[in-house]
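Here's the structure we're looking at; comments come further down.
Side chains are part of it too, since the values below use all heavy atoms of this structure and drop only hydrogens, waters and symmetry mates. Index from 1, following the sequence.
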Amino acid sequence: MNESITIHDVWQKKTDELIEEIVAFWTAHNAIPPHVDINQRAHQVVLVVRNLDGEIVGVTTAYSTKYPLLKSMLFVFRGMLDPGYRIPGLFIKMTTMTIQLLERHTKLLDERERPIGMIAEVENPNLKEARMTKSPSGMTLIGFSKKENPIYAYYFKGARF
């Protein structure tokens, strides 16, 4: 992995300045659909990836929601890397770090409000073509979305429905 890349845990540690940086990153890449509140999404950022110059080149986000199919709370995961920084293994590391951080966080929550894991819909065409049942980050294929995108889940240790 490129040593000029650093990954920072910003879950529940975001300043107004960081929110502005995240919004500028997404805006520069036209990453957030117009109907989505970009500031609200910025508050969901878990990890920030920075280059040697300290610029944001990637983020992961998560929010907790009731997932009807599994009748449980899950974190919904999203991730984005600037195309110029798509270093082999970096996105897997970001995903794995996000899983680990959220898993530690859930241990502090009341069991009734505790997400049992993390879920992600794969939209990247290259990843969709891989047709994996198990991702390199440890997530397992559980089905397909209405858009025919693969949906993967990771269950935290000791998770119960």
Side-chain angles (χ1 to χ4, degrees), residues 1-3 5-26 29 31-33 36-51 54-82 85-87 89-124 127 132-143 145 149-161:
M1 182 151 336
N2 190 328
E3 284 137 27
I5 300 295
T6 57
I7 302 175
H8 307 270
D9 165 6
V10 298
W11 182 249
Q12 301 179 330
K13 304 174 191 174
K14 289 173 272 311
T15 63
D16 291 341
E17 293 79 18
L18 180 57
I19 296 293
E20 288 176 19
E21 268 189 282
I22 293 165
V23 167
F25 168 69
W26 281 332
H29 292 282
I32 306 299
V36 173
D37 182 335
I38 196 167
N39 287 304
Q40 181 182 14
R41 177 78 57 92
H43 284 285
Q44 298 170 353
V45 171
V46 178
L47 298 176
V48 168
V49 181
R50 293 185 181 276
N51 65 13
E55 301 166 324
I56 293 176
V57 296
V59 297
T60 65
T61 68
Y63 67 92
S64 180
T65 190
K66 180 88 170 179
Y67 196 72
L69 186 62
L70 297 176
K71 298 180 183 177
S72 298
M73 296 293 290
L74 288 161
F75 284 108
V76 177
F77 170 81
R78 293 186 191 94
M80 181 192 165
L81 265 171
D82 179 306
Y85 290 88
R86 294 193 178 152
I87 301 160
L90 179 56
F91 195 79
I92 294 166
K93 183 171 182 66
M94 291 167 57
T95 305
T96 303
M97 288 178 70
T98 300
I99 289 169
Q100 292 168 348
L101 192 148
L102 294 175
E103 187 165 18
R104 281 193 309 272
H105 168 73
T106 60
K107 293 176 183 174
L108 306 174
L109 301 176
D110 180 88
E111 191 170 350
R112 293 176 304 243
E113 299 171 11
R114 186 180 301 159
I116 64 168
M118 191 171 85
I119 193 162
E121 179 177 343
V122 175
E123 296 177 341
N124 180 307
L127 295 176
M132 299 175 291
T133 57
K134 192 88 164 172
S135 77
S137 60
M139 298 183 81
T140 302
L141 179 70
I142 62 168
S145 71
N149 292 329
I151 299 174
Y152 287 85
Y154 179 91
Y155 299 106
F156 299 146
K157 290 172 188 66
R160 298 174 56 129
F161 292 93

Answer whether the closest heavy-atom distance between the side chains of [X] and [Y] falls below 4.5 Å.
{"X": "Thr95", "Y": "Phe77", "result": "yes"}
{"X": "Asn51", "Y": "Ile56", "result": "no"}
{"X": "Ile116", "Y": "Phe156", "result": "no"}
{"X": "Val48", "Y": "Thr6", "result": "no"}
{"X": "Leu90", "Y": "Ile5", "result": "yes"}
{"X": "Tyr63", "Y": "Arg78", "result": "yes"}
{"X": "Val23", "Y": "Asn39", "result": "yes"}
{"X": "Val49", "Y": "His8", "result": "no"}

- Item | Trp11 and Phe75 aromatic ring geometry - parallel, tilted or perpendicular at 30°/60° bounds |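 Rings of Phe75 and Trp11: perpendicular, over 60°.
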- Message: Just checking Glu111: does its CD atom have more than 12 heavy atoms from other residues, nucleotides or ligands closer to it than 6.0 angstrom?
- Response: no
- With no hydrogens and no angle check, do the side chains of Thr60 and Thr98 hold a donor and an acceptor under 3.5 Å apart?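 Looking only at side-chain atoms, Thr98 and Thr60 do form a donor-acceptor pair, the distance falling under 3.5 Å.
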- Any chance you could lay out the side-chain contact (heavy atoms from CB on, under 4.5 Å) test for Lys134 and Leu141, step after step, and finish with the verdict? CA-CA 6 Å; Lys134 192 88 164 172; Leu141 179 70; over 6 Å; no
Closest approach of [X] to [Y] (non-hydrogen atoms, all atoms of both residues):
{"X": "Met80", "Y": "Ala31", "value": "SD-CB, 3.4 Å"}
{"X": "Met73", "Y": "Ser64", "value": "CE-OG, 3.1 Å"}
{"X": "Ile92", "Y": "Pro136", "value": "CD1-CB, 3.5 Å"}
{"X": "Asp9", "Y": "Leu47", "value": "CA-CD2, 3.7 Å"}
{"X": "Leu102", "Y": "Met118", "value": "CD1-SD, 3.9 Å"}
{"X": "Tyr155", "Y": "Leu70", "value": "OH-CD1, 3.5 Å"}

Let me confirm one number: the [atom1]-[atom2] distance from [X] to [Y], rounded to the nearest 0.5 Å.
{"X": "His43", "Y": "Thr61", "atom1": "NE2", "atom2": "OG1", "result": "13.0 Å"}
{"X": "Lys157", "Y": "Thr106", "atom1": "NZ", "atom2": "OG1", "result": "10.5 Å"}
{"X": "Ile151", "Y": "Thr140", "atom1": "CD1", "atom2": "OG1", "result": "13.5 Å"}
{"X": "His29", "Y": "Ile32", "atom1": "NE2", "atom2": "CD1", "result": "11.5 Å"}
{"X": "Phe25", "Y": "Ile22", "atom1": "CZ", "atom2": "CD1", "result": "9.5 Å"}

Do [X] side-chain atoms and [Y] backbone N/O form a donor-acceptor pair below 3.5 Å?
{"X": "Ser137", "Y": "Ser135", "answer": "no"}
{"X": "Tyr152", "Y": "Met132", "answer": "yes"}
{"X": "Lys71", "Y": "Tyr67", "answer": "no"}
{"X": "Lys14", "Y": "Ala42", "answer": "no"}

- Checking side-chain contact (heavy atoms from CB on, under 4.5 Å) for the pair Met139/Ile99: CA distance, chi angles, key distance, verdict? CA-CA 10 Å; Met139 298 183 81; Ile99 289 169; 4.1 Å; yes
- Item | From CA spacing to verdict: side-chain contact (heavy atoms from CB on, under 4.5 Å), Thr96, Phe91 | CA-CA 9 Å; Thr96 303; Phe91 195 79; over 6 Å; no
- Query: Which is it for Glu121 and Asn149 under the side chain to side chain donor-acceptor pair (under 3.5 Å) test, yes or no, and what are the steps along the way?
  - Reply: CA-CA 6 Å; Glu121 179 177 343; Asn149 292 329; 2.8 Å; yes
- State plainly whether the residues Asp110 and Arg114 are in salt-bridge range, i.e. N to O under 4.0 Å.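 Judged by the 4.0 Å cut-off on N to carboxylate O distance, Asp110 and Arg114 do not form a salt bridge.
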- Charged N to carboxylate O under 4.0 angstrom, Arg50 versus Glu21?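 So Arg50 pairs with Glu21 through a salt bridge.
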- side-chain contact (heavy atoms from CB on, under 4.5 Å) between Val46 and Leu101: does it pass, once the steps are laid out? CA-CA 8 Å; Val46 178; Leu101 192 148; 4.0 Å; yes
- Verdict with reasoning, Arg41 to Asp37, per salt bridge (Lys or Arg N to Asp or Glu O under 4.0 Å): CA-CA 6 Å; Arg41 177 78 57 92; Asp37 182 335; over 6 Å; no
